[in-house]
Amino acid sequence: MRDHVVDIYWRMAIVRHDADNKNPEGASMARPSVIPHGCWPAVLRDELAAGYAGEKTVESFLSRVGAVWPAPWIETGTGKGKFRAWRKIDLDKAIGGNVGSPDLEAW
């Protein structure tokens with residue numbers, strides 16, 4: 001039940017963010033990256049992946065996907081309804097951390 005409530009909360013926040021993120025002419029502005037309170041989830045949407053990678057905007061993160069950052073783990077849909085998600089472990093590998101090491105001091 002708690003996961004369902006959290007999912008609804010995030011969907012409402014994204015819709016609200018999309019509505020607020022328009023300039024007076026109706027053109028989209030750059031979406032800021034997001035850094036969550038608490039811990040990072042294992043699978044990250046666009047905003048969270050950009051924040052985790054240290055990019056200031058989602059657009060700057062997406063422009064570097066395939067060159068610096070890995071391709072999304074899952075990508076479905078088209079246009080405004082497009083769903084992309086990255087696994088945190090894939091981003092960790094791109095950042096250069098020793099993901100396979102059981103030694104937590106390696107981080």
Side-chain angles (χ1 to χ4, degrees):
M1 177 69 177
R2 182 177 183 273
D3 291 336
H4 180 68
V5 172
V6 170
D7 184 51
I8 290 172
Y9 169 77
W10 276 106
R11 288 178 191 267
M12 288 174 30
I14 290 170
V15 168
R16 190 175 324 114
H17 173 75
D18 287 345
D20 293 342
N21 205 14
K22 299 273 184 188
N23 65 18
E25 291 80 33
S28 261
M29 296 172 25
R31 295 179 294 162
S33 60
V34 175
I35 297 178
H37 298 285
C39 63
W40 291 94
V43 178
L44 309 164
R45 293 282 314 261
D46 297 350
E47 295 85 1
L48 289 173
Y52 190 75
E55 300 284 352
K56 291 186 183 225
T57 65
V58 174
E59 287 74 19
S60 65
F61 173 75
L62 293 175
S63 71
R64 294 183 177 135
V65 167
V68 176
W69 306 115
W73 174 59
I74 186 169
E75 187 170 8
T76 61
T78 58
K80 191 167 181 142
K82 190 166 206 160
F83 176 83
R84 289 180 290 250
W86 285 260
R87 291 185 299 189
K88 187 169 83 73
I89 196 163
D90 293 339
L91 292 172
D92 287 339
K93 288 176 185 175
I95 291 169
N98 190 1
V99 177
S101 173
D103 180 20
L104 294 179
E105 294 296 321
W107 291 93

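Nothing fancy with the numbering, it's 1 onward along the sequence.
- S63 meets the side-chain hydrogen bond (donor to acceptor under 3.5 Å, both in side chains) test with no other residue; sequence neighbours excluded.
- In terms of hydrophobic clustering, with Ile, Leu, Val, Met, Phe, Trp and Tyr side chains grouped at heavy-atom distances under 4.5 Å, W69 and F83 are assigned to different clusters.
- Put simply, I89 and V43 are part of two different groups of oily side chains (I, L, V, M, F, W, Y) that touch within less than 4.5 Å, one to the next.
- Taking all atoms of both residues into account, the shortest heavy-atom contact from D46 to W86 is OD1-CZ3, 3.2 Å.
- Applying the side-chain hydrogen bond (donor to acceptor under 3.5 Å, both in side chains) criterion to K82, with sequence neighbours excluded, gives E75.
- Considering CG of L62 and CD of E59, their distance stands at 6.5 Å, rounded to 0.5 Å.
- Taking each heavy atom of P70 and D90 in turn, the nearest pair found is CG-O, 3.8 Å.
- No side-chain heavy atom of V65 sits under 4.5 Å from any side-chain heavy atom of R84.
- Judged purely by atom type and a 3.5 angstrom limit, E47 has no side-chain atom pairing as donor or acceptor with the backbone of P32.
- By the criterion of side-chain heavy atoms lying less than 4.5 angstrom apart, applied directly or through intervening Ile, Leu, Val, Met, Phe, Trp or Tyr residues, I95 is not grouped with W73; the two fall into different hydrophobic clusters.
- Here the CZ atom belonging to F61 is positioned 5.5 Å from the CG atom belonging to L91, to the nearest 0.5 angstrom.
- A donor-acceptor contact closer than 3.5 angstrom is absent between the side chains of S33 and E55.
- Under a cut-off of 6.0 angstrom, the local environment of CH2 in W40 is crowded, with over 12 non-hydrogen atoms contributed by other residues, nucleotides or ligands.
- Among all heavy-atom pairs drawn from V58 and A50, the shortest one is CA-CB, 4.0 Å.
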